[in-house]
Amino acid sequence: MSSLIADEFSIDETMVTVDGLRLRVLMAGEGPPVLLLHGFAVNADDWRPTIARLVKAGYQAIALDLLGFGRSDKPGGAAYSLHHYADLHAGLLDALGLDQVALVGHSMGGKLALATTILHPTRITRLLIADSEGFMQIPFFMRKGGTLPWLGEAILSLTSRPGLIRMQLKAAFANPDQYVTPELIERGRQTLSDPGVRQTMLALSRSYASTDLKASGLWAHLAEIKQPTLIIWGAEDRMFPVKYAQLAHQALPGAQLVVIPNCGHFPMIEAEATFHGLLLGFLAADQG
């Protein structure tokens, strides 16, 4: 285990083995635990500002590299299913000696947070999803491209080109000139140039049915989620437009929905103070 200094506290970085698979986990702070699930093709490091906010507010923050991303194992194949991800997250809690956590998921992590809550409801106390995947129809080439000979590999060969990364990042922010920096583009290039991550992306496409809320059968259970739930969405999200926030709200009838104006797909970055204020207020309600 290594310790990385961040501001006035340390973040412990460790590898935890669950079901024979190694997951990279960042942990910091003491208090009620909060598990953070990142989005597609990024990693736990994106949560560092949130970890800082949680620690200073008296929580234990836990963020992992999702299976297939970052420095977690990348087994490929059928390992990438909503059921398997949910079981891994429950297994991680077992390995860390935690009975329950509040669960936060962004984008793809939101969909995985929903699956984990449905399949392991006794382990989750509160649920927050932000600009979550799972409520819009994913484009055909992402759903089926990996199943067609050579097409998946051809698509992947283009994903790490800086021009395409810049275009995707600009679509992710309401104010791209402020946030899409050369450093961010380079980080995206490095991530998407990783052969292991590219194989994960291909495997996710090839196993789309098992990672889709409707095709996997989990959509029908969304209304059964009883935990206090908060949906946060950027009003200017061009990746998952805000109309899907309304669909999420309909599918989760007990949830609260907050739409943040002048904000795109990454509210924890583009509306940092607002997002973290909502998160801490939501968590604090459990303490009062």
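FYI, side chains are in, hydrogens and waters are out, and symmetry mates aren't considered; it's all heavy atoms of this structure.
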Given side chains that start at C-beta, do those of Lys74 and Val197 come closer than 4.5 Å, heavy atoms only? yes
Between Gln227 and Pro121 (side chain of the first, backbone of the second, donor and acceptor by atom type, cut-off under 3.5 Å), is there such a pair? yes
Could you grab the distance from atom CE of Met167 to atom CG of Leu169, nearest 0.5 Å is fine? 10.5 Å
Roughly how far, to the nearest 0.5 Å, is CG of Leu64 from OG1 of Thr14? 12.0 Å
Got more than 12 heavy atoms from elsewhere within 6.0 Å of CZ, Arg22? no
Is there side-chain contact between Leu26 and Asp12, with heavy atoms separated by less than 4.5 Å? no
Can you tell me how far apart NE2 (His84) and NE2 (His89) are? Round to the nearest 0.5 Å. 9.5 Å
Could you go through Val180 and Ile185, starting from their C-alpha distance and side-chain angles, then the distance that decides it, and tell me whether this counts as side-chain contact (heavy atoms from CB on, under 4.5 Å)? CA-CA 7 Å; Val180 181; Ile185 293 170; 4.0 Å; yes
Do Leu67 and Leu21 come within less than 4.5 Å of each other through their side chains, counting heavy atoms only? yes
Per the side chain to side chain contact (heavy atoms under 4.5 Å, CB included) rule, which among Val104, Ile62, Ile124, Leu98 passes with Leu35? Ile62
same_hphob_cluster(Leu257, Leu278) at 4.5 Å side-chain heavy-atom cutoff: yes
Hey, are the side chains of Thr229 and Leu128 touching, using non-hydrogen atoms and a 4.5 Å cut-off? no
Start with the C-alpha distance between Tyr80 and Thr211, add both sets of side-chain angles, then the distance that settles side-chain hydrogen bond (donor to acceptor under 3.5 Å, both in side chains), and finish with yes or no. CA-CA 7 Å; Tyr80 307 115; Thr211 62; over 6 Å; no
For residues Val16 and Ala95, report the shortest heavy-atom separation together with the two atoms involved. CG1-CB, 3.6 Å
Give a yes or no answer on whether the side chain of Thr181 reaches the backbone of Leu184 with a donor-acceptor pair at less than 3.5 Å. yes
Tell me whether the centres of the aromatic rings in Phe240 and Phe135 are closer together than 6.0 Å. no
Measure the shortest side-chain to side-chain distance between His106 and Leu37 over non-hydrogen atoms and say whether it is less than 4.5 angstrom. no
Just do the side-chain contact (heavy atoms from CB on, under 4.5 Å) check on Phe40 and Leu204 with the steps written out, would you? CA-CA 11 Å; Phe40 182 73; Leu204 284 168; 3.7 Å; yes
Hey, quick one: are Ile51 and Val25 part of the same hydrophobic cluster, counting side-chain heavy atoms closer than 4.5 Å, chains of contacts allowed? yes
Can you measure from CD (Gln256) to CD1 (Ile232) and round to the nearest 0.5 angstrom? 8.5 Å
Shortest non-hydrogen contact between Ala235 and Asn262, atoms and distance: CB-N, 4.5 Å
Hey, are Asp87 and His120 close enough side-chain-wise for a donor-acceptor pair under 3.5 Å? yes
Heavy-atom check, side chain of Glu272 versus side chain of Arg53, under 4.5 Å: yes
We want to know whether His265 and Asp237 form a side-chain donor-acceptor pair, criterion being a heavy-atom distance below 3.5 angstrom. yes
Report yes if the side chains of Leu114 and Ile129 come closer than 4.5 Å at any heavy-atom pair, otherwise no. yes
Backbone of Asp212 reached by a side-chain donor or acceptor of Ser216 within 3.5 Å: yes
Leu23 vs Asp73 side-chain heavy atoms within contact, under 4.5 Å: no
Assigning hydrophobic clusters by single linkage (Ile, Leu, Val, Met, Phe, Trp, Tyr; side-chain heavy-atom cutoff under 4.5 Å), is Leu93 placed with Leu103? yes
Measuring from atom CG of Leu36 to atom CZ of Arg48, what distance do you get when rounded to the nearest 0.5 angstrom? 12.0 Å
Provide the closest heavy-atom pair for Tyr59 versus Leu280 in the form atom of the first, atom of the second, distance. CE1-CD2, 4.2 Å
Side-chain donor-acceptor pair under 3.5 Å between Tyr85 and Thr116, yes or no? no
Intermediate values then yes/no, side-chain contact (heavy atoms from CB on, under 4.5 Å), Glu236 and Phe173: CA-CA 8 Å; Glu236 309 302 326; Phe173 291 95; over 6 Å; no
Does Gly234 offer a backbone N or O that forms a donor-acceptor pair with the side chain of Asp131 under 3.5 Å? yes
Decide whether Gln250 and Gln246 meet the rule of one side-chain donor and one side-chain acceptor closer than 3.5 Å. no
Heavy-atom pair with the smallest gap, counting every atom of Arg123 and Asp99: NE-O, 2.7 Å
Test of understanding: clusters of I, L, V, M, F, W, Y form through side-chain heavy atoms closer than 4.5 Å, transitively. Do Leu252 and Tyr244 belong to the same one? yes
Electrostatic pair Arg24:Asp45 at N-O distance under 4.0 angstrom: yes
When every non-hydrogen atom of Ala61 is compared with those of Leu54, the smallest separation belongs to CB-CD1, 3.9 Å
Test item: Ser207 side-chain N/O and Ala78 main-chain N/O as donor-acceptor pair under 3.5 Å: no
Could you tell me whether Arg71 and Asp194 make a salt bridge, using a distance below 4.0 angstrom between a side-chain N and a carboxylate O? no
Less than 3.5 Å apart, any donor N or O on the side chain of Asn175 or Glu270 sitting next to an acceptor on the other? yes
Could you give me the CA-CA distance, side-chain angles and deciding distance for Leu222 and Trp219, then say whether side-chain contact (heavy atoms from CB on, under 4.5 Å) is met? CA-CA 5 Å; Leu222 288 173; Trp219 180 279; 3.8 Å; yes
Please confirm whether the backbone N or O of Ala255 pairs with a side-chain atom of His249, one donor and one acceptor, at under 3.5 Å? yes
Flag yes if Met15 and Trp47 sit in one hydrophobic cluster, no otherwise; membership is Ile, Leu, Val, Met, Phe, Trp, Tyr, and two members link when side-chain heavy atoms are under 4.5 Å apart. no
Can you give me the closest heavy-atom contact between Met27 and Leu96, atom names plus distance? SD-CD2, 3.8 Å
I need the Lys111 NZ to Leu213 CG distance, nearest 0.5 Å. 6.5 Å
Are side-chain N/O atoms of Ser210 and His83 paired as donor and acceptor at under 3.5 Å? no
